[in-house]
Each structure stands twice: as structure tokens, then as C-alpha cells.
Protein chains: 2
Amino acid sequence: MTAEGMDSEDFEGMIAGLRDVANWKKGKRDGFVAHVPSTVDVRAIRAAHNQTQEGFARTYGFSIASVRDWEQGRRQPERAARILLAMIAKEPQTVKRVMEGL
Amino acid sequence: MTAEGMDSEDFEGMIAGLRDVANWKKGKRDGFVAHVPSTVDVRAIRAAHNQTQEGFARTYGFSIASVRDWEQGRRQPERAARILLAMIAKEPQTVKRVMEGL
DNA sequence: CTAGCATATGCGGCATTGCCGTATATAAAT
DNA sequence: ATTTATATACGGCAATGCCGCATATGCTAG
């Protein structure tokens, strides 16, 4: 076999798997281990929701400045932000629903 | 009536409501407006899950250092982190479920 | 055509956080 | 008493969060 035809997703999965194995060997087997995407396309997520930067920011609680910086590549969203963004990308309604009660 | 018997949660709700009204008057009526808790008791959340700082961090993708800093009051989790933490506090299973597919 | 409004871009700037590393408590277990 | 797991306490620097503002871009009405 070869490595041809593999995309970054495959690698992400492999990395996650390897980390799980490492954790297992270290005795850390309490189960679930979060996979934090190392990069997020904020603009794409926002676009998929047809919202302005301001609207998107207000909807999910980000500051406009941060959304701007992220989209302009001036700053990279941090871990927690990346997770939240990924969740928004995946299940916006769920995220909104849970956030409503906060 | 009096203000007796009201806890911070009541006020949080009122603030959120007032902000919504303000946004409405400003013509920002695309709906949902996130309410980002200004403070979060990380230790309490983690304790409610019976996890070590390390386990908690790994489960949700935070860095151990950050969880430490948060619990020791050395740093305040940022917006996105506060939202995520609040969501974890409210619906840990949902958060985990959505995160599994990332 | 162009004035006006909504959005987005670019960027200076500083306080604050993220995150790494490590040395030191604490407490429970062997 | 020694080991092991967990938490505390900081030093420290790179990087982000977030504010404010000037400028560009696009669209729509006059």
C-alpha cells in the first residue's frame, strides 16, 4: 500500500488514534478523549450560516474583533474557541439550544 | 415588590433581557443572542464530573495548564472557553456527543 | 452618477491569557 | 517511611482577545 490518496482528515484521525494509544499505555483510560481541530475555517462556518461577522459574533458570544482577526488570519482561535466553532459547524442548532439556557 | 430573594441568576437573566431589548431597538433582530456568562466555577464543574484536572482537560480538549490556571484563579477563561465550560456544566453528554465527531 | 449605508479589511496597541516547565505541598496507598 | 497520584504555586514568553479607527467594497436609492 501507499500513502497516496490520504487527506488531512485521515491524518487527523491517525493522530487522534495514536494519542489514544499513548494515553492507554500511560494508564489514562477514563474513556473519552477530545479531538481538538488544529485549524478552523471561521469564514466558511459563518458563510454557511449566512450571517454577517457582527451577527455571527453576537449569536455565539464571540467578540466582533476576534471574528475579524480570525477571518483575516491575523489570529488563530484558541483551543476552546476552535472546539466551539467546530461544534457550531457541526450542529449549530444543538449549540444554540444548549446556549439558550445559559 | 422588593429585590430581596433575587440571586445572581435572576440578574443575569435581566441583563440578557435588557441587552436583547437594546439589540432589538438597534434593529438587530436576526434572533438569537448569546449570553456569555462572565464568570465560571471551573472547579465546581470538574468536581461535578469526578475527574482530575488532567482527565477533565483531556476529556474536553483543554490544556492542563489552563485548567490549573483557571482553578487557581490565576487566569480567567476567555469568552469561548466560558461558553464551552457553561455548556459542559449544563449538558456534558451533549457536548461530548457533538465533540465525538470532530 | 453618487451620496449613503452596511460590511469587511487592515492594523496599532496593550492588557490578559495560553501553555510550557518545574519545584513544592497534600493525601492516600503500599 | 517511601511511593504515587493530584493539586498548588509561580516564572516567563509568545500569542490572543479586544478596543478603536481609518479605509475599502458593495449595494441601493435618489
Side-chain angles (χ1 to χ4, degrees), chain A residues 15 19 22-88 99 102, chain B residues 15 19 22-31 33-88 99:
Chain A
I15 298 300
R19 188 191 43 205
N23 284 325
W24 181 271
K25 294 186 71 172
K26 277 202 263 173
K28 321 287 190 178
R29 34 190 104 173
D30 34 278
F32 188 80
V33 175
H35 170 220
V36 184
S38 53
T39 193
V40 187
D41 188 336
V42 181
R43 168 163 287 144
I45 297 174
R46 178 173 66 82
H49 293 251
N50 280 84
Q51 287 191 126
T52 63
Q53 295 179 331
E54 188 180 337
F56 184 73
R58 210 183 32 250
T59 300
Y60 296 103
F62 302 117
S63 80
I64 291 200
S66 291
V67 173
R68 262 187 339 220
D69 287 344
W70 295 337
E71 289 198 15
Q72 290 178 35
R74 207 183 170 213
R75 303 263 192 287
Q76 285 306 121
E78 307 203 345
R79 285 192 180 206
R82 292 202 301 276
I83 294 177
L84 190 52
L85 285 165
M87 288 181 73
I88 291 170
M99 282 177 62
L102 305 183
Chain B
I15 299 299
R19 187 191 44 205
N23 284 325
W24 180 270
K25 294 188 70 173
K26 276 203 266 174
K28 320 287 191 177
R29 28 190 110 170
D30 32 280
V33 175
H35 170 217
V36 184
S38 53
T39 193
V40 189
D41 187 337
V42 181
R43 168 163 288 144
I45 297 174
R46 177 174 65 82
H49 293 251
N50 280 83
Q51 287 191 126
T52 63
Q53 295 179 331
E54 189 179 336
F56 184 73
R58 208 179 40 252
T59 300
Y60 296 102
F62 302 117
S63 80
I64 290 199
S66 291
V67 173
R68 266 188 331 219
D69 287 343
W70 295 336
E71 290 199 15
Q72 290 178 35
R74 208 158 83 115
R75 304 261 191 286
Q76 285 307 122
E78 307 205 346
R79 285 193 180 203
R82 292 203 301 276
I83 293 176
L84 189 52
L85 285 165
M87 288 181 74
I88 291 170
M99 281 176 64

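These numbers come from the heavy atoms of this one structure, side chains and all, not from hydrogens, waters or symmetry mates. Numbered from 1 within each chain, the chains take letters A, B, ... in sequence-line order. Quick caveat, the model's predicted, so the values are computed rather than measured.
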Undergrad: If I compare all heavy atoms of R82(B) with all of V36(B), which pair ends up nearest, and what's the gap?
TA: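 Looking at all heavy atoms of both residues, the closest pair is NH2-CG1, 3.9 Å.
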
Undergrad: Could you tell me if the side chain of V40(B) sits less than 4.5 Å from the side chain of W70(B), heavy atoms only?
TA: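 With C-beta onward as the side chain, the pair stays apart.
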
Undergrad: Report the distance from atom CD of E54(A) to atom P of dC5(C), rounded to the nearest whole Å.
TA: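 E54(A) atom CD is separated from dC5(C) atom P by 16 Å.
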
Undergrad: If you compare all heavy atoms of L85(B) against all heavy atoms of V42(B), which two are closest, and at what distance to 0.1 Å?
TA: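 Looking at all heavy atoms of both residues, the closest pair is CD1-CG2, 3.8 Å.
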
Undergrad: Can you measure from CG (L84(A)) to OH (Y60(A)) and round to the nearest 0.5 angstrom?
TA: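 The distance works out to 9.0 Å.
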
Undergrad: Should F56(A) and E71(A) count as side-chain neighbours, where that means a heavy-atom distance under 4.5 Å?
TA: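 No, their side chains stay 4.5 Å or more apart.
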
Undergrad: State, yes or no, whether a side-chain contact exists between H49(B) and T59(B) at a heavy-atom distance under 4.5 Å.
TA: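 Contact flag for H49(B)/T59(B) side chains = no.
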
Undergrad: Between the axis at one end of the helix from dC1(C)-dG30(D) to dT30(C)-dA1(D) and the axis at the other (five pairs apiece), what's the angle to 10 degrees?
TA: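 Computed from the C1' atoms at both ends, the axes differ by 40°.
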
Undergrad: Could you tell me the separation between the CD atom of E71(A) and the C1' atom of dC11(C), rounded to a whole number of Å?
TA: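 Nearest whole value for this atom pair: 16 Å.
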
Undergrad: How many angstroms lie between CZ in R43(A) and CD in Q53(A), if you round to the nearest 0.5 Å?
TA: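 Here the interatomic distance stands at 7.0 Å.
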
Undergrad: Nucleotide by nucleotide, 5' to 3', does protein get under 4.0 Å of the base (B), only the sugar-phosphate (S), or neither (-) in nucleotides 14-25 of chain C, counting heavy atoms?
TA: ---BBBBBB---

Undergrad: Can you tell me the distance, in whole Å, between the CZ atom of R58(B) and the C1' atom of dT6(D)?
TA: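 Distance, rounded to whole Å: 13 Å.
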
Undergrad: Rounded at 0.5 Å granularity, tell me how far CG in D69(B) sits from CZ in R74(B).
TA: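 CZ of R74(B) is found 4.5 Å from CG of D69(B).
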
Undergrad: How long is the line joining CD of Q72(A) and P of dC18(D), in whole Å?
TA: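 My rounded result for the distance is 16 Å.
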
